[in-house]
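Read the structure below first, then the notes.
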2 protein chains.
Amino acid sequence: MSQNADAAQPHPKSRGAARRAMRRGPTIDDVAELAGVSRGTVSRVLNGARYVSPAALKAVERAVRTTGYTVNQSARSLVTKQSNAVAFVLSEPQERLFEDPNFSVLLRCCTQALAEHDISLILMLESSDAERDRVLRYVRGGHVDGVLLISAHSGDPLVADLARGVVPAVACGRPGGPESAIPYVAAEDTEGARQMTRHLVAQGRRRIGMIACPQVVGGPERLRGYRDVLGRRALKRLVVHTSDYSFAAGAAAMRELLAESPDIDAVFAASDLLAAGALAELRRAGRRVPDDVAVGGFDDSRIARETDPPLTTIRQPLERVAADMVDVLLRLIRREPASSRLLPTELVRRESA
Amino acid sequence: MSQNADAAQPHPKSRGAARRAMRRGPTIDDVAELAGVSRGTVSRVLNGARYVSPAALKAVERAVRTTGYTVNQSARSLVTKQSNAVAFVLSEPQERLFEDPNFSVLLRCCTQALAEHDISLILMLESSDAERDRVLRYVRGGHVDGVLLISAHSGDPLVADLARGVVPAVACGRPGGPESAIPYVAAEDTEGARQMTRHLVAQGRRRIGMIACPQVVGGPERLRGYRDVLGRRALKRLVVHTSDYSFAAGAAAMRELLAESPDIDAVFAASDLLAAGALAELRRAGRRVPDDVAVGGFDDSRIARETDPPLTTIRQPLERVAADMVDVLLRLIRREPASSRLLPTELVRRESA
DNA sequence: TTGAAAGCGCTAACAA
DNA sequence: TTGTTAGCGCTTTCAA
């Protein structure tokens with residue numbers, strides 16, 4: 001109590017001095033002493049509180065509160081071999097993705113969902129080779145309990161590692177290549193694309209082009225959906241491929257489409273950003289939207305409401321994608337069964353089509 | 001060498017069995033054994049390599065490589081009391097900020113800069129009270145070596161903690177309130193606003209309005225710069241306040257401005273997003289930009305190039321802001337002196353003004 | 001320049 | 001239900 005621990009125990013056994021010098025908080029021993037129980041009991045209440053008498057429980061809880069105790073994660077991890085952290089890795093030149101409003105909501109929702117489980121999100125980029133190496137070492141080193149993989153590229157050694165089960169992982173969108181050993185969560189891209197294409201057809205549009213992006217997650221499915229509905233009307237010259245989901249790529253693609261097929265009367269862009277670029281190009285070319293040409297997007301991201309005219313688009317339930325990714329990952333970490341999930345999309349009608 | 005450690009040492013001293021059961025990587029002892037040196041020597045080469053003979057150094061390096069050893073951060077942290085991680089905390093209802101393209105580049109650049117120092121970035125949101133609590137506990141618990149504070153709000157208990165030096169911290173933009181005990185990195189907002197306002201004046205604009213956002217980081221300075229240049233010409237009815245840097249707020253503000261001052265011939269918006277909203281509203285109102293009214297933004301974010309017409313704006317060197325934040329934080333962590341930094345802005349002329 | 005040994009704070013197995 | 005104890009893998013004195 002009023003005893004001075006330093007004076008009483010000048011021996012190395014006295015932990016107090018060193019700790020205080022380090023300006024660290026109270027340890028489990030401090031709590032135990034104050035609560036008048038053993039360290040083991042404190043540990044038990046900290047984890048689940050099984051086999052603890054109500055009296056002990058109360059005493060410990062009080063002691064925790066009055067000391068302001070927080071567990072030392074490092075010490076805990078050292079023994080449990082769990083870090084209580086997961087990596088959120090962007091396995092693609094990130095500039096592109098960081099530009100995408102979808103990415104932000106994914107990141108935000110994942111962070112939130114993890115926080116509810118007291119798990120930290122560690123953001124890692126994989127753009128340069130050096131970064132790739134670092135991520136690989138980090139994951140292999142067991143620094144995280146799991147990985148949220150954002151834009152999986154099948155050539156990535158990390159993807160190979162994860163497919164081999166080095167550490168639990170969940171991808172956003174079906175990872176390319178045969179490595180679909182990694183479970184994933186995604187929107188029903190194919191069906192979404194069908195919804196949009198059907199909508200365009202129902203509007204009486206005859207020459208419906210597509211700005212596709214088959215290299216990027218979700219891209220192949222969206223192109224397939226378009227083709228499913230149009231069949232032979234999906235003329236080769238009506239679909240142009242871009243290498244990413246950017247505004248600039250959308251504008252360039254639209255220009256090409258206009259040059260190849262001046263009689264085009266509708267365009268389905270594989271993402272809202274692409275559609276926004278197309279819109280800009282159409283205005284430049286003097287075509288009215290939707291009067292001359294209708295434009296459909298995909299995502300229902302923020303920009304869909306900010307373009308002129310606002311975009312008719314396919315809503316992807318990204319908040320749910322994020323929540324489900326976290327849910328699946330946590331199950332995997334707990335070694336519970338969990339598998340890929342596909343979430344439904346929805347047509348959102350605005351003014352562009 | 002070819003000895004089987006398990007067979008040779010059936011005693012508890014044999015760490016091999018337990019480790020292997022856990023599917024963990026090699027430990028420092030494995031490296032030491034393979035290199036034929038003691039654990040202490042391995043540790044020395046791992047950290048700085050002082051007082052190590054060239055022979056030992058080489059042997060250890062080889063052993064590290066062949067075993068694929070990675071240090072166990074938890075074990076290291078337990079003794080060094082350093083986590084090698086910093087928190088990136090968003091101390092504001094995040095939806096707003098996540099919507100802001102500036103935020104993305106800040107996050108990306110900070111992650112990159114930290115990765116170069118092998119430090120992880122832990123993303124934390126502070127929107128709900130529960131989250132606020134969690135962040136506070138986390139930081140106080142010593143889980144991170146430092147904090148990058150994104151949108152400091154003076155009422156925040158975390159800000160108070162950080163100002164008291166609980167853990168090193170750097171803010172982005174001057175933290176509101178008297179808590180400027182926290183060093184910060186920011187653009188020269190005031191001067192930037194002056195540049196834009198002078199530009200508008202030089203264009204012969206007579207009635208120059210402003211869409212200001214004095215509640216948010218950088219906002220007060222930008223408003224001051226506008227007033228510095230305009231003096232008494234900064235009529236009350238020419239400046240409207242918004243509560244955030246969003247597209248919607250920009251549109252609403254522009255509507256108000258148009259209603260109050262139909263003769264307005266220029267607008268300086270405190271952010272590009274705000275300017276984009278204003279542009280949309282102007283088009284709706286049938287005003288041509290820049291012919292009827294010139295529009296100036298602030299940030300030079302991605303959208304400045306995507307609006308119609310592209311925005312004339314003030315470039316904020318966000319990549320450098322991020323790099324400097326990390327630099328200052330690392331100095332602080334190393335207990336080196338470091339103080340706030342202000343970075344120069346630049347006028348970028350496009351078509352809107 | 002090196003090795004031995006003492007912990008860092010915690011969990012988990014075991015005995016009581 | 002509880003206390004005791006043996007490590008988790010590492011850094012860091014301290015001697016040698």
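Numbers restart at 1 for each chain; the letters A, B, ... are given by sequence-line order, proteins then strands. Fair warning: this is a prediction, and the values are worked out from it, not measured in the lab.
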Kindly say whether [Y] contributes a backbone atom to a donor-acceptor pair with the side chain of [X] at under 3.5 angstrom?
X	Y	value
A:E336	A:L332	no
A:T70	B:G141	no
B:S77	B:Q82	yes
B:T41	B:V37	no
A:D30	A:T27	yes

Original post:
salt bridge (Lys or Arg N to Asp or Glu O under 4.0 Å) with B:R164: which residues, sequence neighbours excluded?
Top reply: B:D161
In whole angstrom, give the distance that lies between atom [atom1] of [X] and atom [atom2] of [N].
X	N	atom1	atom2	result
B:E33	C:dA4	CD	C1'	17 Å
B:N84	D:dT11	CG	P	11 Å
A:D29	D:dT4	CG	P	11 Å
B:N72	C:dC8	CG	P	18 Å

**OP:** Quick one, give me the B/S/- string for nucleotides 11-16 of chain C, reading 5' to 3', where B means a protein heavy atom under 4.0 Å from the base and S means that only happens at the primed atoms, P, OP1 or OP2.
**Re:** BBB---
Original post:
Hey, does the Lys NZ or Arg CZ of A:R140 hover above the aromatic six-ring of A:Y138, less than 6.0 Å from the centre and inside 45° of the axis?
Top reply: no
Original post:
Think A:K81 has a side-chain N or O under 4.0 angstrom from the OP1 or OP2 of D:dG9?
Top reply: yes
Subject >> N/O (side chain, B:T27) to phosphate O (OP1/OP2, D:dG9) under 4.0 Å >> reply: no
Original post:
More 5' along DNA chain C: B:L78 or B:T41, using each one's nearest nucleotide?
Top reply: B:T41
Subject >> Polar side chain donor-acceptor pair, A:S83 to A:D145, under 3.5 angstrom >> reply: yes
Subject >> Angle of first-five versus last-five pair axes in the helix from C:dT1-D:dA16 to C:dA16-D:dT1, to 10 degrees >> reply: 40°
